[in-house]
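Here the structure is a predicted model, which means the values were calculated and not measured.
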Amino acid sequence: MRKALSFIFFLLIYQGLIAQRVNDRSLQRLDPYFGIAFGHTDYYSVTSFLLSPYANYSEAFLTGDYRREDRAFLPQYGDGYMGGAFNAASMIRTDKFSAVQGKVEYSKGVKKNVKWNETTDFLLLQPYVLADSLGGDMQSEKYEFSGAYSRRFGKLIAGAELGYRAVHEFRKIDPRPRNIASDFGLRGGVSYILGRYYLSATASYRKYHQLQNVEFYNPIGANAVEYHFTGLGSRYQRFDGTNNFTTVRYKGNGYGVAMLLSPTDKGNLFAGVNGKMLKIASHLPGQNEVPVTELSIKQADCFFALPFNMASFNSAISFKFLYERRDGCENVIDNAVEGSYNVVKSLQLYVSHSADASLYALMEKNGLYIKPNVGFNYYRASYVYPMRLASFATLRFGVSGGWLKNFGNWMTSLGLEGRYEANLMQDLELPERYTEKVILHAYTQMFDGFCRNRFLLGVSARVQTEINDNNALFLATSFSQWFFPSDKALLAKLSIGITF
């Protein structure tokens, strides 16, 4: 009987949901009541899109992206950005028991006034990045795609996903970094029906590569210094300069395992847990690919979401927690007296810990919703010798709300968001005797800027009109303003596209 009911459930999804009008399917995708649970499940399970209640949905759109900061919040990404992107995404139930989904993205733009970083994927590779003392605009171009397939075999559901991202970044003035990064990912997993729940297990593999080369058209190096940073203002001084050590290769491999528990009908608990590890080494291609540093990144995260009905409101609560640890080793390299560089010894000198927790609640009725939230973030990094330390803690709380509604052939979505982030503590200890003055000043300014109290106010809107039952045009925009004690930052997006 249970098997028969499960079969009927899938049959209704396939025959009923895919027959919805395009505006109804868009409304379902934008509904925060679905999103507070199913917005997480793809991350934890490669089969979750087949098991979700979402109907067939595809969209393609163009986006203009703009960012301007009076004072850079993270100087390694600049104080502004201007660019555009093309995106396309699709999820299709090919028959009663299988589905495919995929997405592609191409973006191109300029990061304005990037400082103290020449390396693509700074947040991934830090603290082991190459940087200069001048900075400048960085041209950036990205290609990304992913595709997944999932199929049901009785009580067993299997799925696989492949993803690839390529980034090309460069600068047109000295120093002139040119970076080519590639990021390949593969996931595979299964789900099994256990009564009213699906239990899913997913394994993942990741392979990362980046080749970075810095050149100078000015023969004296544009009065710049190239630094091989190793954490909190420390650097591998032996390889500083503008001559022989400005080509760096990053190579990494990673693995992960995730579990997800999700209900076969709404109103029950969603829960997921994920653990992954990535190791990345930096090499000097001009010195027989000798490994200079090794970075080990370990991450663990979990979430739960509980949808329920309360006083005729669609309600839900959700919680998410993320922990990350980074361990960094520097290799002692010989003088290549026999013609090649070799590692003599490896020293673990850098370690960082970060943790983030978020709690959300949701109440929704007749297209109106409100979503309060509270969160906490903690970070601590240290360098063994000379001793260096940085730590901070931030408390955030906010509320978002909005309205979604169909009007015949038209659909409208409006959203508002407010959030305040308060710095609870900060501590920065950098030894003046062992830190170059220009680096000491820059890191002190960056840390103080990063730990400022701040307030966010944002608004978003989407208007969509049906061409026919299966196709619609839409226009979407969002504006966000960050307010700091003495400055502000603006973020804006505008998208136009088609959904079908």
Do the rings of Y164 and F145 sit parallel, tilted or perpendicular, given the 30° and 60° boundaries? tilted

Side-chain donor-acceptor contact under 3.5 Å, H353 with Y323: yes

Sequence neighbours left out, what passes salt bridge (Lys or Arg N to Asp or Glu O under 4.0 Å) with D42? Give chain and number order. none

Indicate whether any N or O donor in one side chain lies under 3.5 Å from an N or O acceptor in the other, for S234 and T230. yes

Give a yes or no on whether K111 atom NZ has more than 12 heavy-atom contacts from other residues, nucleotides or ligands under 6.0 Å away. yes

State, to 0.1 Å, how close A357 and R396 come at their nearest heavy-atom pair, and which atoms those are. O-NH2, 3.6 Å

Could you check whether any side-chain N or O of Y149 sits under 3.5 Å from a backbone N or O of A158, counting only pairs where one atom can act as donor and the other as acceptor? no

Pair S478, S460: side-chain N/O donor-acceptor within cut-off below 3.5 Å: no

To the nearest 0.5 Å, what is the distance between CG on D132 and OH on Y227? 9.0 Å

Could you go through Y143 and E141, starting from their C-alpha distance and side-chain angles, then the distance that decides it, and tell me whether this counts as side chain to side chain donor-acceptor pair (under 3.5 Å)? CA-CA 7 Å; Y143 305 82; E141 187 175 21; 3.0 Å; yes

Could you tell me whether E105 and K103 have a side-chain N and a carboxylate O separated by less than 4.0 Å? no

Donor-acceptor pair between Y43 and N274 side chains, under 3.5 angstrom: yes

Do the side-chain N and O atoms of T47 and S191 include a donor-acceptor pair separated by under 3.5 angstrom? yes

Taking only Lys NZ, Arg NE, NH1 and NH2, and the carboxylate oxygens of Asp or Glu, determine whether R187 and E161 approach each other closer than 4.0 Å. yes

D301 and Y44: side-chain donor and acceptor closer than 3.5 Å? yes

Angle between ring planes, F34 versus Y54, binned at 30° and 60°: parallel, tilted or perpendicular? tilted

Can the positive tip of R178 be found less than 6.0 Å from the middle of the six-membered ring of F170, inside 45° of the ring normal? yes

Run K493 and S480 through side-chain contact (heavy atoms from CB on, under 4.5 Å) and show every step you take. CA-CA 9 Å; K493 285 187 177 183; S480 299; over 6 Å; no

Shortest non-hydrogen contact from Y77 to D121? OH-C, 4.1 Å

NZ on K207 to CG on L278, rounded to 0.5 Å: 11.0 Å

Stacked cation flag K371 on Y360, 6.0 angstrom / 45 deg: yes

So, taking the atom named OH in Y350 and the one named CZ in R388, what distance separates them when rounded to the nearest 0.5 Å? 12.0 Å

What is the ring orientation for F229 with Y443, classed by angle as parallel under 30°, tilted 30 to 60°, or perpendicular over 60°? perpendicular

Steps toward side chain to side chain donor-acceptor pair (under 3.5 Å) verdict (Y378, D356): CA-CA 6 Å; Y378 176 76; D356 189 273; over 6 Å; no

Just by distance, do the side chain of H228 and the backbone of F245 share a donor-acceptor pair under 3.5 Å? yes

Can you check ring pair (Phe, Tyr, Trp, His ring centres under 6.0 Å) on Y106 and F86, steps first, answer last? CA-CA 5 Å; Y106 171 75; F86 169 77; 8.7 Å; no

side-chain contact (heavy atoms from CB on, under 4.5 Å), that's the test. Do Y379 and T394 meet it? Break it down for me. CA-CA 9 Å; Y379 175 83; T394 303; over 6 Å; no

With distance as the sole criterion, is a donor-acceptor pair present between the side chains of Q212 and T247 under 3.5 Å? no

Evaluate side chain to side chain donor-acceptor pair (under 3.5 Å) for S346 paired with N331, printing each intermediate quantity in order. CA-CA 4 Å; S346 185; N331 294 328; 3.1 Å; yes

With a 3.5 Å distance limit and no angle check, can you tell me whether Y128 reaches the backbone of C329 through a side-chain donor-acceptor pair? yes

Side-chain donor or acceptor of N288 paired with backbone N/O of Y341 under 3.5 Å: yes

For the residue pair Y236 and F239, categorise the inter-ring angle as parallel (less than 30°), tilted (30 to 60°) or perpendicular (more than 60°). tilted

Indicate whether the side chain of E330 and that of T293 have a donor and an acceptor atom separated by less than 3.5 Å. no

Rounded to the nearest 0.5 Å, what's the gap from NZ on K251 to CD on Q210? Could you check? 13.5 Å

Just by distance, with hydrogens left out, do K298 and S296 show a side-chain donor and acceptor under 3.5 Å apart? yes

Hey, does the Lys NZ or Arg CZ of R71 hover above the aromatic six-ring of F484, less than 6.0 Å from the centre and inside 45° of the axis? no

Taking it one step at a time, do Y192 and Y198 satisfy ring pair (Phe, Tyr, Trp, His ring centres under 6.0 Å)? CA-CA 5 Å; Y192 191 78; Y198 300 104; 9.9 Å; no

Answer yes or no: is there a side-chain heavy-atom contact under 4.5 Å between F303 and F270? yes

Decide whether T41 and S262 meet the rule of one side-chain donor and one side-chain acceptor closer than 3.5 Å. no

